[in-house]
Amino acid sequence: MSTGGTTDLARFLSDLEAYAELAEVDFDKRAVEQVVDVFAEQFATGTITVRTTTHEASDRSVNFRYMYPDSPHDPVEIARAHGLLPDADPAVMSLLAEVTEKIPLWWGMDASVGHGVQKVWAFFELPLEFGEIASLENIPRSLRDHRERFREARIDRFAIMGFDFRDNTTNLYSEMVSPGYFEQEEVAGMIRDMGSLPPDKEEIGRCRGAINVYYTFDWNSPQARRLCFAVPSGEGGFPSHLHPLAARFAAEAPVQAERRELIFNPTFGARGSYLKMEADYTGDAASRVFGYWNGRPETQPVPGIRD
């Protein structure tokens, strides 16, 4: 259930420190406080989620993010003005500038408890077809070359693009779909294409519960670097048995909402697979963010790329 109001930022800061302890990662109090202070309005009234992974503790992070539908602000310029924007590869910044200029959108921002601002998301007001994404001049070649794989998986429209300033990557997210949309062989094929070990039936079943999928691309690799399935966890559906941290996260992740709502993201790449775990801190991600496009007329022309 949603908090139904503003987020208590003092409690939020305390809870972020608890997340860092839970995940056994470093907590840079000054960096975290700077981000929350600069983006106080967005964290106080936007949707918040908190995420970690089953990476080894030395490679693990805790990330906190807000998503703010239809809020007229530019997180990139705000971060830059306060000295919080990391130095990213010019390719990332060129694509970000092009998307900002050409596509009607709203924003989300992500930060790490160890380093500060990490990435931003551009949420498209209406999903775009792949041809419109491919027409962007600055996208990675590996993304443009992924067209056939998207087609084979029946992924033909896209709702979100992410820009990671520290890893110098971009993420492309499918539009929202109903759990079960992807068939078993489609899921298995997507995972095989990433060079991961073939998944078992249990893993495929978990991935079939996804409400969207997203890929990570960069400007150096010839193909996608990662594939993630975003799966909301129903009652008793969180895969706590997969890793000791998953069990602790399911039982202990602090939230401000009345009930702990969790999302898990099975993630695959040539270097192996792991699990991302995310808590809906404010309790309104399903309705306010993932449900943003619900009820928007399918017949309404997509705003598309501005000339």
Side-chain angles (χ1 to χ4, degrees), residues 51 63 65 67 75-76 88-89 91-110 118-177 181-182 186-187 189-191 193-196 207 210-231 263 265-270 276 278 289-290 292-293 302-306:
R51 186 223 72 167
N63 289 65
R65 53 275 300 260
M67 293 153 281
V76 178
D89 190 287
V92 177
M93 302 310 294
S94 295
L95 178 59
L96 175 58
E98 184 180 10
V99 168
T100 303
E101 176 186 356
K102 294 182 176 179
I103 301 175
L105 51 82
W106 50 274
W107 293 106
M109 191 276 295
D110 169 88
Q118 176 92 25
K119 69 163 65 173
V120 294
W121 290 282
F123 291 80
F124 307 148
E125 289 185 359
L126 287 174
L128 300 180
E129 296 180 357
F130 183 78
E132 295 175 285
I133 300 294
S135 72
L136 295 168
E137 295 178 8
N138 295 294
I139 63 168
R141 179 175 179 177
S142 56
L143 192 162
R144 190 175 282 113
D145 290 347
H146 208 80
R147 179 192 295 266
E148 186 61 21
R149 289 185 172 90
F150 284 132
R151 187 195 65 77
E152 291 173 352
R154 295 183 297 122
I155 304 171
D156 52 12
R157 298 208 304 172
F158 303 86
I160 311 163
M161 188 173 279
F163 305 87
D164 192 311
F165 305 119
R166 296 186 185 274
D167 287 344
N168 291 314
T169 57
T170 185
N171 311 109
L172 184 61
Y173 297 69
S174 75
E175 69 177 341
M176 300 301 155
V177 298
Y181 173 82
F182 297 107
E186 289 171 334
V187 170
M190 284 189 275
I191 295 172
D193 279 345
M194 298 305 301
S196 289
C207 294
I211 57 171
N212 81 343
V213 300
Y214 56 102
Y215 286 85
T216 301
F217 300 90
D218 65 27
W219 282 261
N220 298 313
S221 304
Q223 62 185 40
R225 283 177 45 175
R226 286 188 300 276
L227 162 67
C228 298
F229 295 83
V231 185
I263 304 161
N265 299 259
T267 303
F268 303 91
K276 297 179 183 178
E278 191 166 2
V289 178
F290 306 136
Y292 173 83
W293 297 272
V302 176
I305 305 296
R306 299 189 185 106

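Quick note: residue numbers are just sequence positions, from 1.
A side-chain donor-acceptor contact under 3.5 Å links Arg144 to the backbone of Leu136. Checked by atom type and distance alone, the side chain of Thr267 pairs as donor or acceptor with a backbone atom of Asn265 at under 3.5 Å.
No side-chain donor from either of Gln223 and Asp145 sits under 3.5 Å from a side-chain acceptor of the other. Counting only N and O atoms by type, the side chains of Asp218 and Ser221 include a donor and acceptor under 3.5 Å apart.
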Where do Asn171 and Thr216 land on the side-chain hydrogen bond (donor to acceptor under 3.5 Å, both in side chains) test, with the steps shown first?
CA-CA 4 Å; Asn171 311 109; Thr216 301; 2.8 Å; yes
Please determine whether side chain to side chain contact (heavy atoms under 4.5 Å, CB included) holds for the pair Tyr215 and Met190, giving the CA-CA distance in whole Å, both sets of side-chain angles, and the decisive distance to 0.1 Å.
CA-CA 10 Å; Tyr215 286 85; Met190 284 189 275; 3.6 Å; yes
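The side chain to side chain donor-acceptor pair (under 3.5 Å) search around Arg151 returns Glu148, not counting sequence neighbours. For Arg51, the side chain to side chain contact (heavy atoms under 4.5 Å, CB included) test picks out Thr53, Ser61, Asn63, Arg65, Lys276, Glu278, with sequence neighbours left out.
Between Asp110 and Lys119 no salt bridge is recorded (no basic side-chain N to carboxylate O distance below 4.0 Å).
When side chains are defined from C-beta on, Phe165 counts as touching Val120, because their heavy atoms get closer than 4.5 Å.
Centroid-to-centroid, the aromatic rings of His146 and Phe217 come within less than 6.0 Å. Taking the six-membered ring for Trp and the full ring otherwise, Phe123 and Tyr173 have centroids separated by 6.0 Å or more.
The two residues Trp219 and Leu95 have their closest heavy-atom pair at CZ2-CD2, 3.8 Å.
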